[in-house]
Engineer: 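Could you have a look at this structure, given as structure tokens, before my questions?
First the proteins, then the strands, lettered A, B, ... as listed; each starts at 1.
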Number of protein chains: 2
Amino acid sequence: MITVLEREGLEIKIAPDAPIVMIGEKINPTGHRKLSEALEQRNFDYIRELAQRQIDSGAHILDVNASIPGADEARLLPEVVKIVAEQAAVPLCIDSNSADALEAALKVCPGKPLVNSVNGEKAKLERVLPLVRDRGAAVIGLTMDDSGIPGTAEKRLEIAQLILDRAVKIGIAAEDVVIDPLVLTVGADQQAALVTLQTIRAVRERLGVNINLGASNVSFGLPERQTINQAFLALSFSAGASCVITDPARLAGTILACDLLLGRDPYGKRFLIHVRKTRQAG
Amino acid sequence: MITVLEREGLEIKIAPDAPIVMIGEKINPTGHRKLSEALEQRNFDYIRELAQRQIDSGAHILDVNASIPGADEARLLPEVVKIVAEQAAVPLCIDSNSADALEAALKVCPGKPLVNSVNGEKAKLERVLPLVRDRGAAVIGLTMDDSGIPGTAEKRLEIAQLILDRAVKIGIAAEDVVIDPLVLTVGADQQAALVTLQTIRAVRERLGVNINLGASNVSFGLPERQTINQAFLALSFSAGASCVITDPARLAGTILACDLLLGRDPYGKRFLIHVRKTRQAG
């Protein structure tokens, strides 16, 4: 299945066996003090800078999260979405736990965005999926529910199936549902990455929808995180992930190398252009 | 199937889903002027140094190749094998195109070594396989023959099948045949890595034998070779390779990260010990 996102004539296609789509993760204040302060002070220059830097590093889509303690997210998120959309002419991925904030942000967001995220929690599905449908957006579904993140691929597949069924039932096209199988750190559980890789394979084979991955949790608390993250990305693409939320400045090289190795980059053109740009910048 | 190599009670097991076995590639004068000169001058200190460095970086087996122009390889290779065996108490991988040199080196090599390599050429199979059998060694079979390296996975699988059949027919156990599906640079052919990955899958599924890979050719002539090689290793392990000829100083981190992510390193113990050693050395 092909998930198509759109912005003023620019289409970004997420598809199995197509080049990996990179969602820039940096506009998210969680654990990012400088951005938290910028959001508190409505210092939008820093946000513009983060947007531009990620585009320069190869991001195809930008994630936008404006969740800071004490702020009225339903007012702040649309403001930030507008700023980022002005700076970067790419589709956005609107990221919030608050349905009110998502609703408000979807009203001002241009093009066809991604909504990040729903999960298997019933209340969440009931409230957010209609917003996605009414706006004609696509949605990321996380394989967790009220009981947390299951420890087996079978249970995660069940939640993915539930999210997909609910979405389709209310009128969202199956290709507009992207499943995120979630990954926990292998520092705490040596089976953590393996369960995620098994979930990717199962969702790809059984449901056929596209799969997104947040790639940096896997190495939390461990040394040499970059090496672990690089290896995990390649293993995930081999299993069938087609989209990744990541820091393109750190991981675009590995992602483009995987596209090249998997025969998805004719003449290595994208890889070579990336290397040239990075070297000029460095 | 499990390929067991042995040296004075130390067993190295190559097996699917087991930790990846690393064969140190550095004792090979091809394109390595300093080693060529050391071999010409019988400067064995440098060879001892190369052996030790690779063991310190995590090599489980050491490849030994002494092929320099004008030298009598059937005299030189056994000498070098003895030096390396003295320095490093691990199984060796005896590497030569000359059957006479292999024969002479096998006589002085301790333990149960690997022989690198035969391929689908009839003359080679007829001359080298009996040496492997008589010595009780294991052998690496390259998927090429008199016509060169086939461009498709099906043809490479056919050659692998031929090598395996011939080996078994003369009395070598199937588990003592390790297939190397070969990889060419993606710089020249964008399908090159993909054909190798398909061959790995096909050999693993259809023949069930272990698969070795030389991991650095894939990036020849390209920039950012380390990034490409790291990505290719992870993709190869995901496809089913269980052994790799590589420079452990450069790639052991990625290999151990893959073991960790694939659930083959309880508590991340091997990965963490490697990081600690590398940091102390650096």
Engineer: Among Leu222(A), Leu233(A), Leu260(A), Thr254(A), who wins on heavy-atom pairs under 4.5 Å with chain B?
Structural biologist: Leu260(A)
Engineer: Would you say Ile228(A) and Phe271(B) make side-chain contact, with heavy atoms under 4.5 Å?
Structural biologist: yes
Engineer: With a 4.5 Å cut-off on heavy-atom pairs, point out which of Ala188(A), Ser219(A), Ala193(A), Gly268(A) contacts chain B the most.
Structural biologist: Ala193(A)
Engineer: Could you tell me the separation between the CD1 atom of Ile255(A) and the OG1 atom of Thr227(B), rounded to the nearest 0.5 Å?
Structural biologist: 11.5 Å
Engineer: Within a strict 4.5 Å, meaning less than it, do heavy atoms of the Val186(A) and Asp265(B) side chains meet?
Structural biologist: no
Engineer: Using heavy-atom distances under 4.5 Å, tell me whether Arg225(B) contacts chain A through its side chain, its backbone, both, or neither.
Structural biologist: neither
Engineer: Which answer fits Gln191(A), side chain, backbone, both or neither, if we ask what part of it has an atom under 4.5 Å from a heavy atom of chain B?
Structural biologist: side chain
Engineer: Calculate, to the nearest 0.5 Å, the distance between atoms CG and CG belonging to Leu194(B) and Leu261(A) respectively.
Structural biologist: 9.5 Å
Engineer: Give me the atom names and distance for the closest heavy-atom approach of Ala231(B) to Ala234(A).
Structural biologist: O-CB, 3.8 Å
Engineer: Does CD1 belonging to Ile273(B) count more than 12 external heavy atoms closer than 6.0 Å?
Structural biologist: yes
Engineer: Got a sec: does the CG of Asn97(B) have more than 12 other heavy atoms crowding it under 6.0 Å?
Structural biologist: no
Engineer: Shortest non-hydrogen contact from Ser238(B) to Arg201(A)?
Structural biologist: OG-NH2, 3.4 Å
Engineer: Quick one: what part of Val195(B) sits under 4.5 Å from any heavy atom of chain A, side chain, backbone, both or neither?
Structural biologist: neither
Engineer: For Leu235(A), is it the side chain, the backbone, both or neither that has a heavy atom under 4.5 Å from a heavy atom of chain B?
Structural biologist: both
Engineer: Please report the interatomic distance CD(Glu224(B)) to CZ(Arg279(A)), rounded to the nearest 0.5 Å.
Structural biologist: 5.0 Å
Engineer: I'd like to know whether CZ of Arg270(A) has more than 12 heavy-atom contacts from other residues, nucleotides or ligands below 6.0 angstrom.
Structural biologist: yes
Engineer: Using a 4.5 angstrom heavy-atom cutoff, name the option from Gly187(B), Ala239(B), Ala257(B), Ala192(B) with the most pairs to chain A.
Structural biologist: Ala257(B)
Engineer: Taking atom CG of Leu10(B) as the centre, does the number of heavy atoms from other residues, nucleotides or ligands within less than 6.0 Å exceed 12?
Structural biologist: yes
Engineer: With only heavy atoms counted, which part of Leu256(B) is less than 4.5 Å from chain A, the side chain, the backbone, both or neither?
Structural biologist: neither
